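In what follows, a single structure is set out as C-alpha cells and then discussed.
Nothing here was measured: the structure is a model prediction, and the numbers come from that model.
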Amino acid sequence: MKNELIERFTSYVKVDTQSDENSETCPSTEGQWTLLHMLVDELKTIGMEEVTIDENGYVMATLPSNTEKDVPTIGFLAHVDTATDFTGTNVNPQIVENYDGGEIKLNEALKVVMSPTDFPSLKEYKGHTLITTDGTTLLGADNKAGVTEIMTAMAYLIKHPEIKHGKVRVAFTPDEEIGRGPHKFDVAAFQANHAYTVDGGPLGELEYESFNAASAKITVKGTNIHPGSAKDKMVNSMKIAMDLHSKLPAQEAPEHTDGYEGFYHLLSFNGDVELTKLNYIIRDHNKEIFQARKTTIENIVNEFKGQYGSDNILLELNDQYYNMGEKIKPVMEIVDIAQEAMESLDIKPIIKPIRGGTDGSQLSYMGLPTPNIFTGGENFHGKYEFISVDNMIKATQTVIEIIKLTEQKA
C-alpha cells in the first residue's frame, strides 16, 4: 500500500490545480479539469462502477454492495483544487525516507530549511517516510492526500471482495479552496445517506463542527487632489480605511484566537488616495456571536457612512457556510463509527472543531451530513507543507474500517 500511495500522490500533486476566485467557470481553472479527467480514467481502471463527470467537473463513482444486508449508502469526498495562498505551479515533491527527526533541507540553493525548532510537531514523525515540497511551492496535500487515500481504499476493497460492505459512493470535487466546492454538487444524484470528507490534518483528526463563515468587502472612496493644493479638499481613502479597521477589536483576529474563539480577519488591503478596498472574512462557531460579528461590521460601516456619505463607504456582506455540527449532532452515530474505526486501528481520535470549513460544512446543510477525517498532512498552503506516508496508510485504513463497521452494524 505504501508504494501505491506514494505513486498516486506524487502524480496528482504535479498537476497544477490551484483554484481562482476571479474565474466564473466551474471548475475555475483548467488544471482541475486535467486532474478530474485523470481520476475518471483511474476509477474505471481500478474497477469502480457508475463513473461519471458532469459539466461542472464533479466526479462520482460507485463501489457496489457485496453483502445481502440492508446497509446505508455512505460516501467519501475530497477536493482536487489547491489553495491560492502560495504557488502550486511546478510542484516537485521530495521523499524523505526514515526521517531522522532533524532539519530537512527543502531547497539547499535557496537555503529553505524545515526545522523542528520552528515546527515542533516534526519530532513526532521520526522514523516516518515524509513527502515534502522543494521549498518553492506548496505541496497540495490539501486535498490531494484525501483523493489518494479514497482512491487507494477503493482499489483495496475491489481487490479484497472477502471484505463485506454496503454500497459506497465517492466524489472528487472542484473549487473548495475558494468556497464553492459544493455549490453545484448534486446531492440527489450522489444518493448517499451520509458521507465523510477526507480533508483533515494530522493523525486522528475527527471533526464535525466548523465555523459559521461570512465575507465582508468594504470599499472606501476618497478624493485625490494635488498635495500642493489639497487643504480642505483631499479625502484620503486609505486613511479612512485604516481608521475603519481600527474600530474592530484587535485581539479578535486569527493570530490571537484558537479553539472555539472566532475572529475578524483582514485578508487584503489595497488602495490609494482615491479608492481603497478591504477584504475580510468573519468566523465564529457560535451562531449568535457570528450574527453579532456581522452586525458589528455593519454598524461600523454605517458610522462611517454618516461621516463620509453613504455613496463613499460601501459594504458587500455575504454568508459563506455554517457550522455543520448543527446538522451532524442529530446523527452522531456517523461520528461514533469513525471514532470506533480509528480506535480499532490504535489511532487516538482527536475530536475538535475545525477552525475553517470543509465541503462538509455546506453539504451538511444540503441534506448530506458530512463529518471530516484526517489525511496525515501538516502546514497546509505553504512551502513547509508535508505529509507522512505512514499516516496516509492509516487514513486509508480508517476509510476501509468505516466501511466495514457500517456493514457490520447494519
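- With no hydrogens or angles considered, no side-chain donor-acceptor pair links K383 and T136 at under 3.5 Å.
- E407 places no side-chain N or O within donor-acceptor distance of the main-chain N or O of I402, the cut-off being under 3.5 Å.
- Judged purely by atom type and a 3.5 angstrom limit, E55 has no side-chain atom pairing as donor or acceptor with the backbone of C26.
- Counting non-hydrogen atoms of other residues, nucleotides and ligands closer than 6.0 Å to NZ of K126 gives a total of 12 or fewer.
- Between V399 and the options I373, I74, T152, V170, a side chain to side chain contact (heavy atoms under 4.5 Å, CB included) holds for only I373.
- Atoms CD and CD1, on Q339 and I351 in that order, are 4.0 Å from each other to the nearest 0.5 Å.
- By the 6.0 Å contact criterion, CG on D100 is enclosed, its count of non-hydrogen atoms from other residues, nucleotides or ligands being greater than 12.
- Formation of a donor-acceptor pair under 3.5 Å by the S115 side chain with backbone atoms of G102 is not found in this model.
- Residues V220 and N312 have side chains not in contact (no heavy-atom distance under 4.5 Å, counting atoms from C-beta outward).
- Once rounded to the nearest 0.5 Å, the distance linking CD of E21 with OG1 of T84 reads 6.0 Å.
- Contact annotation: the side chain of M242 never approaches that of T276 to less than 4.5 Å [non-hydrogen atoms, C-beta and beyond].
- With salt bridges taken as basic N to acidic carboxylate O contacts below 4.0 Å, none links R8 and E149.
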>> Run D175 and H183 through side-chain hydrogen bond (donor to acceptor under 3.5 Å, both in side chains) and show every step you take.
In response: CA-CA 9 Å; D175 293 335; H183 283 193; over 6 Å; no
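- Separating the CD atom in E176 from the CZ atom in F185 is a distance of 13.5 Å, to the nearest 0.5 Å.
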>> For a side chain to side chain contact (heavy atoms under 4.5 Å, CB included) check, start with the C-alpha distance between F263 and D284, then their side-chain angles and the critical distance, and finish with the verdict.
In response: CA-CA 7 Å; F263 56 74; D284 211 287; over 6 Å; no
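- Between G181 and T173, the shortest heavy-atom distance links the atoms O-CB, 4.4 Å.
- Between the side chain of Q362 and the main chain of P182, no donor-acceptor pair closer than 3.5 Å is present.
- Taking 4.0 Å as the cut-off between side-chain N and carboxylate O, R355 and E261 do not count as a salt-bridged pair.
- Looking at E303 and K247, their side chains come closer than 4.5 Å, going by heavy atoms from C-beta outward.
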>> As a quick check of understanding, evaluate side chain to side chain contact (heavy atoms under 4.5 Å, CB included) for N391 and K394, giving each step before the final call.
In response: CA-CA 5 Å; N391 290 348; K394 292 181 178 179; 3.9 Å; yes
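- For the pair E49 and K44, the salt-bridge criterion is not met [side-chain N within less than 4.0 Å of a carboxylate O].
- Taking each heavy atom of N107 and G135 in turn, the nearest pair found is CB-CA, 4.4 Å.
- Heavy atoms only, all atoms of each residue included: I163 and H165 are closest at O-CD2, 3.2 Å.
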>> Please evaluate residues D20 and S28 with respect to the criterion side-chain hydrogen bond (donor to acceptor under 3.5 Å, both in side chains), reporting the C-alpha separation (whole Å), side-chain torsions for both, the decisive distance (0.1 Å), and the verdict.
In response: CA-CA 6 Å; D20 179 5; S28 62; over 6 Å; no
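- The aromatic rings of W33 and H37 lie parallel to each other, with less than 30° between the two planes, well short of the 60° mark.
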> Are Y365 and Y322 close enough, and set up right, to give a ring pair (Phe, Tyr, Trp, His ring centres under 6.0 Å), and what steps lead you there?
Replying inline: CA-CA 8 Å; Y365 280 83; Y322 302 108; 5.6 Å; yes
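- Side chains of Q32 and S19 form a contact here, defined as non-hydrogen atoms less than 4.5 Å apart.
- For K352, the NZ atom is densely surrounded, since the number of other residues' heavy atoms within 6.0 Å is greater than 12.
- In terms of modelled atom types and a separation under 3.5 Å, the side chain of N193 and the main chain of T73 share a donor-acceptor contact.
- Atom CD of E162 has more than 12 neighbouring heavy atoms from other residues, nucleotides or ligands inside a 6.0 Å radius.
- Atom CG of D311 is surrounded by 12 or fewer heavy atoms from other residues, nucleotides or ligands within 6.0 Å.
- Neither side chain, H128 nor N98, offers a donor N or O lying under 3.5 Å from an acceptor on the other.
- What you find for A216 and I282 is that their closest heavy atoms are CB-CD1, 4.1 Å.
- A donor and an acceptor atom, one from each side chain of N372 and E205, are nowhere located under 3.5 Å apart.
- For the side chain to side chain donor-acceptor pair (under 3.5 Å) criterion with K144, the lone passing option out of T17, T375, T82 is T17.
- You'll find the side chain of E401 stays beyond 4.5 Å of the side chain of M342, heavy atoms only.
- E124 is not listed as a side-chain neighbour of P202, based on a closest heavy-atom distance of 4.5 Å or more.
- A salt bridge is absent between E274 and K221; no separation between the charged side-chain nitrogens and carboxylate oxygens falls under 4.0 Å.
- Residues K217 and L315 form no side-chain contact, since every pair of their non-hydrogen atoms from C-beta on lies 4.5 Å or further apart.
- Side-chain N or O atoms of T133 include none that pairs as donor or acceptor with a backbone N or O of L139 at under 3.5 Å.
- With H245 as the fixed residue, the ring-ring contact (aromatic ring centres under 6.0 Å, His included) test singles out one of Y280, F269, F304: Y280.
- Summarising the geometry of P174 relative to N56, their closest heavy-atom pair is CG-O, 3.7 Å, with the distance given to 0.1 Å.
- In this structure, E68 places its CD atom where only 12 or fewer heavy-atom neighbours from other residues, nucleotides or ligands lie under 6.0 Å away.
- No more than 12 heavy atoms of other residues, nucleotides or ligands sit less than 6.0 Å from atom NZ of K105.
- Side-chain contact between V96 and F386: absent, with no pair of heavy atoms (C-beta onward) separated by less than 4.5 Å.
- Between H285 and N323 the shortest heavy-atom distance is O-ND2, 3.2 Å.
- For the residue pair S23/T25, the side-chain donor-acceptor check at 3.5 Å is satisfied.
- Between K2 and D390, none of the side-chain N atoms (NZ, or NE/NH1/NH2) sits under 4.0 Å from a carboxylate O, so this pair counts as no salt bridge.
- Distance check: L314 CG to K277 NZ gives 9.5 Å after rounding to the nearest 0.5 Å.
- For the residue pair D16 and T89, a side-chain donor N or O sits within less than 3.5 Å of a side-chain acceptor on the partner.
- A distance-only check finds no donor-acceptor pair linking the side chain of T148 to the backbone of L5 [under 3.5 Å].
- E7 CD: 12 or fewer foreign heavy atoms inside a 6.0 Å radius.
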>> I403 vs M154, test: side chain to side chain contact (heavy atoms under 4.5 Å, CB included). Steps then yes/no.
In response: CA-CA 10 Å; I403 293 167; M154 294 304 106; 3.8 Å; yes
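- Here the options are F190, F172, Y196, the test is ring-ring contact (aromatic ring centres under 6.0 Å, His included), and the partner is F76; only Y196 passes.
- Cation-pi check for R283 over F290 is not met; the charged atom does not lie both under 6.0 angstrom from the ring centroid and within 45 degrees of its normal.
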>> side chain to side chain contact (heavy atoms under 4.5 Å, CB included), that's the test. Do M151 and E4 meet it? Break it down for me.
In response: CA-CA 10 Å; M151 189 73 79; E4 187 179 354; over 6 Å; no
